[in-house]
Amino acid sequence: MDHLQDTAIDGPSSGYSHVSMKSNNSMHQPPNLSDGPAVNSGPVIFSRKRKRAASPLQPPDLSDEAAPSGRLGEIADQIRDVSCQTSTSSCQKHISHLDTEAALQLDSHQPVHDDLQRVKDQHKTSMKNRYESVFEGIKLQENQTLLNRIYTQLYIIEGESEGVNEEHEVLQMEKSYKTLQDTPIHCNDIFDPSPEPGYEEMRREKKDKIKTVLTKGIAGIGKTVSVQKFILDWAEGKANQDVDFMFVLPFRELNLIKDHQYSLHRLLLDFHPELQDLDSMIYDECTVVLIFDGLDESRLTLKFSDSEKVSDVTESSSVGVLMSNLMKGDLLPSALIWITTRPAAANQIPSNFINRVTEIQGFNDPQKEEYFSKRISDEHQASRIISHIRRARSLHIMCHIPVFCWISATVLQNILKQDLSAEIPQTLTEMYIHFLLIQTHMRNQKYEERDPEKLLQSNRDVIVKLAELAFNQLMKGNVMFYEEDLRESGIDVTDASVYSGICTEIFREESVIYQRKVYSFVHLSFQEFFAALYVFFCYLHKNSEVMKEFLTGKSRTQCENVLLDGLLKGVMNKALKSKNGHLDLFLRFLHGISLESNQRLLQDVLIHTENNPESIKKIIQNLKRGQKNNVSPERWMNLSHCLIEMKDHSVLKEMQAFLNSETKRKSISLAQCSTLANMIMMSEEVMDELDFMKYKFKSKEGKWRLFPAVRNCRKALLAGCNLTDQHCDILASALQSSNSPLRELDLSNNHLQDPGAKLLFAGLKSPNCQLNILRLAGCNLTDQHCDILASALQSSNSPVRELDLSNNHLQDSGAKLLFAGLKSPNCQLNTLRSSGCFMTEEGCAALASALSSNLSHLRELDLSHNDLQDSGVKLLCGGLNSPNCQLIILRLSYCMVTEEGCAALASALSSNPSHLRELDLSYNHPGDSGVKLLSDKLKHLDKLKYVEQ
């Protein structure tokens, strides 16, 4: 189904001050298909057709025209190979030694190279002109902006195809609140293999490339803008200069010729008319990148069987067959292919034809706030809007999508300009209604001289027809519309510009090939909002045909007389049966519009409103009953959102009561896990403690559904949860997020491995990290992790005050690395527990050095269950003897200490003013004399433990 405006937002240098909408003249400039001359500077001399050589090391034969014979013919072949090598790094051929005769002939054949280079330069210039600009808002010359001015690098991460998607993409984002701290792939590097030790040199030698990349991303996240930037950097000579030609084939334009017969060569020339005289054999000799943008918009039939095989660029077939054979590698196998799509459509291409799957993830929390700060010049207003967005969790999470940041800024800025005390929208429905009202108000100002009543009727007609179009196409799964689609909804295509002109920022019109028009809503969610508006309009005006879509089995008369709660129940039941959640947001908006307060806002469109408190009460009851049925967790969560759109928070209150109940270990279902996670993440209040041990999960999946909730908790107790690298990544993201509330994290008894442990420790270095307590007891950490952890403790303003590394196999080597970190002026560690870490006297020496440092903040140290013996304790005493030592509590139980060690302790701790108040020597061998020494000399001790072993 699918498409919508992909967006990237940035300021003039590196911030976010504008929304860059993908659509513009340059992005979809139609190829020249007229009878007039093609745009180029002269014929390209590539008339000779090459046959593939028997050996890659020999020049190919010539055919199709009379070729020079004898020695001169061989020289001609060699010269062509030289020109090919000179013009592109990817067309290199083995060159035989040129003898004197060949060298003498070289100058007379140089035009071959000159013409190829000229056409390559001309193509780059054309692509630069197409893609260097974007339009913001209305497509007028004054709104044109250079892409390089506003572009910011979005997060593109390595990802794996997950098969058929089973939930609405907005719901996916809300549920997982996507992490953005993965190591990003720059869009210019998507064809380069991931770097590995020693790999870079090998790649330079072999020029290895990944052939086919599939990039996923939800609507409005920045897919097309990333493509545009990829092309522009190449055209400007900044990246990928080993590529000779880039061809862009947007599916929205391919849809218009899906029934036509084309050869690949003819198709590419139609899309890029500046290359009209390019010989079809040149594809085999040059590096070509083919970009298929917007797979989710495709109306082509893609087939990946061998029944319709095309391998020649001059062979004609349907466009769908050409695309399928390109993706399979049967046609133009040397080409690099980049496909972009929304997640729901990604499974159209079998995974065996994809070499890399990546995902564009949008804005993280700091970027959202940076956008609003730069977008809104009034600092006080910007601050108020940021605070509101931060509190309204559903809006805050949606601002992960760049285009929604733009919508929110437009609405909130407009409201606050009119009335600083105005009530700010709290729900998605309210936000979208206000955006629609802003659009119609702009039009009313433009035509204020007209009769107000006629203007009102005109607005209503336009909005209702757009809403009908949105509904009809949503039911069909379409997000790109063509002339026939508009006619179906009663929109005169000759007046379509009127519609896009009234709702300029909502409904977009673009020119594509054949000078035809393509239409879309600015974002999928707007189509879903308009579709819901249309259904509610039809309900108020007794349109039985539309209502029968959701009220199966009812007669026309019954449909006309159905009550609102009956209609919404029918829509809910249909949405609950959806496998991919394509009606989830539509259902939310429909429930939101049913509120009388929202109906009043829309009164000019709806004409009249309905206020039936009893019906609203039944709607809420139906949503709650729907949650109790055997539905998927995804649908369950969406019904909770529907209740929020109706401003009913009873489910959240019930869940809170469940949390506060006295039951020690609560049995929690999969659906309840989803609801609880959603409730915690979207709550304005930070949850004090999330303890997984309090719940009895009915399935492992439930535990992982609850896991993202750690993002909005002060204390997360996750001991013994079998955490994976992916969960460590989520935790690292939570630690790095803006205003991170996490202060205490217990990961004890989890078998942490690389790269999960490294990701987690990297999260500690973030300036946003506020974690005070970290427990990693029994986590399978080794000395290899200590270096990274020590680095985190030394990072600027390290927040960690308490660290538990007990029962990890650190040994002396790891202890040395860790204790070196304690000497850093940034390290603020007060409590260190390293019981059972296989340390000996060697580790004690390093620890003594740290304790002697004038920067040491340690107050509590636990070295129990380490084989320190008297020799180790004596070394440790060197640090305890230092006036810089601030220790208050020292635990040395089970450390093989005897009377000799006790004497060293007594001497060290009595020679200088000591801060020590508690000493634990339990289960050692101090003997009576050792205990007496400590008792006599350490009279300042509040507690001395010396239970005999």
Side-chain angles (χ1 to χ4, degrees), residues 181-183 195-199 723-725 727-729 731-733 735-736 745 747-769 771-853 855-858 861-863 866-868 872 875-876 879:
Q181 275 67 38
D182 306 73
T183 301
E196 297 173 1
Y199 185 82
L723 301 184
T724 65
D725 292 345
H727 302 122
C728 289
D729 199 7
L731 286 171
S733 170
L735 293 172
Q736 296 175 78
L745 184 58
L747 302 179
S748 301
N749 302 316
N750 283 288
H751 193 72
L752 300 185
Q753 300 181 39
D754 292 336
K758 291 180 179 178
L759 286 169
L760 182 65
F761 298 153
L764 298 175
K765 300 170 91 170
S766 168
N768 292 322
C769 179
L771 193 69
N772 299 141
I773 301 172
L774 177 60
R775 296 192 178 94
L776 297 168
C779 283
N780 199 47
L781 302 180
T782 67
D783 58 344
Q784 295 177 0
H785 297 108
C786 288
D787 191 27
I788 309 170
L789 185 53
S791 175
L793 293 174
Q794 296 174 72
S795 61
S796 178
N797 300 314
S798 173
V800 180
R801 300 293 185 270
E802 181 177 330
L803 179 62
D804 188 352
L805 295 175
S806 302
N807 302 318
N808 283 291
H809 203 81
L810 306 185
Q811 305 185 77
D812 290 327
S813 54
K816 286 179 181 179
L817 292 167
L818 182 65
F819 297 152
L822 301 182
K823 297 179 179 182
S824 168
N826 293 321
C827 180
Q828 302 294 314
L829 201 64
N830 300 139
T831 301
L832 175 61
R833 296 188 177 91
S834 50
S835 172
C837 288
F838 297 87
M839 287 168 50
T840 69
E841 60 183 271
E842 191 178 344
C844 287
L847 179 54
S849 174
L851 291 173
S852 301
S853 167
L855 300 169
S856 174
H857 294 273
L858 271 184
L861 178 62
D862 187 355
L863 296 174
N866 286 290
D867 190 23
L868 306 184
L875 290 170
L876 178 63

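Just so it is clear, the values below take in all heavy atoms, side chains as well, and ignore hydrogens, waters and symmetry mates. Along the sequence shown, residues are numbered consecutively beginning with 1.
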Quiz item: Which residues satisfy the ring pair (Phe, Tyr, Trp, His ring centres under 6.0 Å) test with H857, sequence neighbours excluded?
Solution: none

Exercise. Indicate the atoms forming the closest heavy-atom contact of A792 with S798, along with that distance.
Key: O-OG, 3.7 Å

Quiz item: If every non-hydrogen atom of C837 is compared with every non-hydrogen atom of N807, which pair is closest and at what distance?
Solution: SG-N, 4.1 Å

Quiz item: Quick one: does D783's side chain have a donor or acceptor within less than 3.5 Å of a partner on G814's backbone?
Solution: no

Quiz prompt | Point-to-point distance, once rounded to the nearest 0.5 Å, from CD of E802 to CG of L832 | solution = 10.0 Å

Self-check item: Heavy-atom pair with the smallest gap, counting every atom of L752 and L723
Solution: CD2-CB, 4.4 Å

Self-check item: Distance-only polar pair, side chains of S835 and D862, donor-acceptor under 3.5 Å
Solution: no

Quiz item: Taking atom CZ of R775 and atom CG of L803, what is their separation to the nearest 0.5 Å?
Solution: 10.5 Å

Exercise. Can you see which heavy atom on L818 is nearest to which on A790, and at what distance?
Key: CA-CB, 4.1 Å

Exercise. Kindly compute the distance separating CG (N830) from CG (L858), expressed to the nearest 0.5 Å.
Key: 7.5 Å

Quiz prompt | Member of L817, L810, L805 meeting the side chain to side chain contact (heavy atoms under 4.5 Å, CB included) criterion with L789 | solution = L805

Practice problem: Can you measure from CG (L868) to CD (E841) and round to the nearest 0.5 angstrom? | Solution: 9.5 Å

Exercise. Nearest 0.5 Å please: distance from the CG atom of D812 over to the CG atom of D867.
Key: 10.0 Å

Quiz item: Nearest 0.5 Å, what's the OG-CG distance between S791 and L793?
Solution: 9.0 Å

Which atom pairs, one a donor and one an acceptor, fall under 3.5 Å between side chains of residues 820-829 and the rest of the protein, sequence neighbours left out?
unit_1	atom_1	unit_2	atom_2	d
K823	NZ	S849	OG	2.5
S824	OG	N826	N	3.1
N826	ND2	Q794	O	2.8

Self-check item: Donor-acceptor under 3.5 Å (N866 side chain, S834 main chain)
Solution: yes

Quiz item: Where does the angle between the aromatic ring planes of H785 and F761 fall among parallel (under 30°), tilted (30 to 60°) and perpendicular (over 60°)?
Solution: perpendicular

Quiz item: Which pair of non-hydrogen atoms, one from C779 and one from S748, has the smallest distance, and what is that distance?
Solution: SG-CA, 4.1 Å

